[in-house]
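Take a look at the structure below.
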Amino acid sequence: MFVSFQLLVFLKEFLRMSPLIVLILFLTACNGAIWNNPYPSNDSGKNILYNAFAERPKHLDPVQSYSSNEILFTAQIYQPPLQYHYLKRPYTLIPQTVDRMPIVQYFDEDGNLLSADSESTNVAYSVYELSLKQDIFYQPHPAFAKDDQGEFLYHDLTREDLQKVSKLADFTQKNTRKLLSEDYIYQIKRLAHPKLHSPIFGLMANYIVGLREYADTLGKEAGAAPNNVYLDLRNFPLAGVERVDDYTFRIKIKGKYPQFMYWLAMPFFSPIPWEADRFYAQAGLTKKNVTLDWYPIGTGPYMLTENDPNRIMVLERNPNFKGEFYPSEGMPDDMEKGLLKDASKPLPFIDKIIFSREKESIPRWNKFLQGYYDASGIGSDSFDQAVQVTGQGEATVTEAMKAQGIRLETAVAPSTYYIGFNMLDPIVGGRTEQEKESARKLRQAISIAVDYEEYISIFANGRGIPAQSPIPPGITGYREGKEGINPIVYKWQDGKAHRRSIEEANRLLAEAGYPNGIDNKSGTPLVLYFDVTARSADDKSLLDWMRKQFRKINIQLVVRSTDYNRFQDKIRKGNSQIFEWGWNADYADPENFLFLLYGPQRKVGSNSGNNAANYDNAEYNRLFERMEKMEDSPKREQIIARMVEILREDAPWLWGYHPKDYALYHSWYNNVKPNKLSYNNIKYSRIDSVLREQKRREWNEPVIWPVGVGVTVLLLSLIPGIIAYRRRQRAVGLRKAAA
Amino acid sequence: MLNYILRRILYAIPILVGVNLITFTLFFVINTPDDMARMHLGVKHVTDEAIIKWKLEHGYDKPLLYNPEAEGLAKLTSTIFFEKSIAMFVFDFGHADDGRVIGHEIKSRMLPSLAIALPIFLLGLLAHITFALIMVFFRMTYIDFWGVVMCVALMSISSLFYIIGGQFLVSKLWHLVPISGYGSGLDVGRFLLLPIIIGVISSAGANIRWYRTIFLEEMNKEYVRTARAKGLPETIVLFRHVLKNALIPILTGAVVIIPLLFLGSLITESFFGIPGLGSYTIEAINSQDFAVVRAMVFLGSLLYIVGLILTDISYTLVDPRIRLE
């Protein structure tokens, strides 16, 4: 009874107060505050770029970092000597921290200087001389802080000092210093550090003189020293690097390796000051996750000021960054697109970048539509909402997106997704000459049958172009139009490439010894095995589609699905027959794709090869060895064309497709030109934060009437209960018997 | 009672060793130390030499469970299993394979997980028990009938639907709270409001029905008849007598999960951008980080055991007849 009474009193009181509550909500809504803004209100209108990331970075130390989700951060902080021109295509290297492009000199075994056009066979060493700009400073950092006596403040932290520290920002004193050539040398040495496990150490040890031996020396030193002790790499000279003066250094490479220039544009070759290494090596800091792998120190336009990879990563303008300007030249249509409006203006334009972690695509997409992210990729679930294809086959944003001022930018990625044939397999690769010839025709037949145009349309929402060879657009060796088509699979008709007919595929299949998919020798149907990594139920349709492609020429395809580790193991041991694989370019040279089919790179029998198909063609190998040591020239292009021709004829891969990246940008996001090889592009971006704030307010006005309706419905729903309660309380157990 | 608790703690040791052994075996059936090294070194330019060095550096260069080359006890102790397991019993979880200190990571992620899980748990308990009691009060009426229908309906909907639907209505359409994210200090409230409401509603169907069943069972007991015969109002019967006596089965389900609240919720945290522990284990499994998987399974088992002991203790508090001997 007491409860019921209290409830009634509360209800009456609430109903009396409810207009007031709704009024308060209404007034709060009218005062201009945006309720669903996920950022602090005092950040509104500031020159901040808002971005999202899905996967937490694992390494921010440039010696280890290799994933695109890591380079997103490191590329804004660290500065390797070279960078890609933001606007020019094909991708062009330009100086970043050096005052000119490196000077390369070639020497023979006896140390005699050779001319620049010397045959690669005569070149024993190449020496790259890099000369740094003299006005580059590091971001403010406690590793550089010194006391009045010139001693480092934080290089020998005591237990008491460490108690006050839980993150880097807890160090109050910071300082900077100039970028010196020894910093680059220090980082090259770190590639061989036994505790750092640089993913490119194995590759670089083949080229940088003395790097492998250097790793052994450091290994012995580190093994003899107590755990986690700081190894001052300045005390261990490396034969392949030489400090000329404070701003000049040389790198000595074995033989001729023109692609080394591209590596000099990657974060692996960023400068690391010894002071930072010394500072972070203190055990007390490591225990608090304050490490160089977690708190980068760079000379780039931004510095990491908040590091919570599970929630938020904040980059702020490096106050010591200066001397870099927006490019004043680009491609012919860049002016028309407004990409040269900021020509010659100092970089960067944006003060702060906030990367928020969004693991799920739905909230990420909705926040982009509300204006809380400035750019967004397009997931398959939101593709139809965002993109429409015009009658001419051109992708454009939908009317709803247009109304919000959102624009679409597309770019073909320097990547390739292919299906490989294991050339060591007796059926698809062949052992004897006769078997090899038969297998070649079989592969050619399958290449025609698997319709990648259809694949791209169904499974990639049209985001990709069918590959004609391993080389993607934007890379030397890729050709457009009639010269660029793979004549084994396509023919040129009416100004377009047309896939050859299934009849032609069947003819090739019959020539291969499998007329109508029946093995001539055994009289049994031809069954092939397709190895894939474990698939979700969503991929069933894709695998069904693949089976259907093979069925077009009466081949039965059996899908063998395994987990990623077993799949890798099968490929390494050559136990697969047909498999799917992909490759993202490290740099803009065809060598980075053509080496995937170079014989000595075979997975089976090599140490760390990347030739998963185990393809081995003597002529191709010979041409590759010539081509890889040549600078870009018409002669090199001729060799590449011949190599591509050999590959098309041999068809060790179904060439698959090159994905096309689609990204959406709000109207306030300026200076966007997709650049799929370079990641240090945020410095070129400009934001109209006033327009953004205005749009956010317009798009996110709180709608409060549902709250009122909800509360009213809730209260009304209590009434039957109260009535029933009162009725029950008044009821009597036994009624008086009728008189 | 102290003896009982001590005994239970001692029983926990073999359980934890067993759980650890099973986790270890399952993990290494799927992943070899070589696979782990490849994953961490990047797939592109990995050499055999680099793999050997990585294993040596991370302590994966020894046999898994038994070292035939070692002497005496070292046959068992000079193994990956022993070396990686022993430190956990003093709560030294070591480093993740990316070099970060696991203990530090767990500490920093635990609070956000708790900030969302604890209110959902407490408010849920309060709301669900209250609704269940109301339904019992109105048993055999249309309120009870429609209540049960509503509970079945709530149970039938996937929790993901509540999240996506809630975000769509409240955040996207009405713009009342942020869709996802996490703040600091008091600002955190506006990020937690929606996930907490959704958490309470999405678990309402099953919980209310469960509590209703418990209460109904109690309602048929003789002490309830006695209480009514004494002329006590139905509210007193329900809230003073039935609720107290129904607490044992409720506590069995509720107290055991209290320690596990620290471990967070995978889906809720992922969709609402809460930087908690919910996804830590899954991410570690995906990146083949055994150090994290092992630490989280160990912690999960330990917290579950703590939950069970707490449940036993709570029995003594609500039922004076129970003695822990």
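If you're wondering where the values come from, they're calculated on a predicted model, not measured in any experiment. Residue numbering restarts at 1 for every chain, and letters A, B, ... go by the order of the sequence lines.
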For chain B, which candidate among [options] shows the most heavy-atom pairs at distances under 4.5 Å?
options: A:P720, A:G202, A:P363; result: A:P363
options: A:D293, A:N289, A:I200; result: A:N289
options: A:P199, A:S198, A:S67; result: A:P199
options: A:N37, A:N366, A:V703; result: A:V703

Give, as side chain, backbone, both or neither, the part of [X] having an atom under 4.5 angstrom from any heavy atom of chain B.
X: A:R56; result: side chain
X: A:W699; result: backbone
X: A:D569; result: neither
X: A:R212; result: side chain
X: A:P194; result: backbone
X: A:Y39; result: backbone
X: A:I312; result: neither

Determine whether a donor-acceptor pair (N or O, by modelled atom type, separation under 3.5 Å) exists between the side chain of B:H175 and the backbone of A:E701.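 Yes; judged by distance alone, with no hydrogens or angles, the pair exists.
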Where the side chain of A:R311 meets the backbone of B:G276, is there a donor-acceptor pair that is under 3.5 Å apart?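 No, the answer is negative, given that no donor and acceptor are paired below the 3.5 Å cut-off.
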Side chain, backbone, both or neither: which part of [X] has a heavy atom under 4.5 Å from chain A?
X: B:F137; result: both
X: B:I143; result: side chain
X: B:I164; result: side chain
X: B:F138; result: both

Crowding at [atom1], [X] (>12 non-hydrogen neighbours, <6.0 Å):
X: B:R240; atom1: CZ; result: no
X: A:L714; atom1: CG; result: yes
X: B:M150; atom1: CE; result: no

I need the single residue from B:E105, B:R109, B:E283 that forms a side chain to side chain donor-acceptor pair (under 3.5 Å) with A:N310. Which is it?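 The option that passes is B:R109.
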For A:W35, does the six-membered ring have the charged nitrogen or CZ of B:R190 within the cation-pi criterion, i.e. under 6.0 angstrom from the centroid and within 45° of the normal?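 No, a cation-pi geometry is absent between B:R190 and A:W35.
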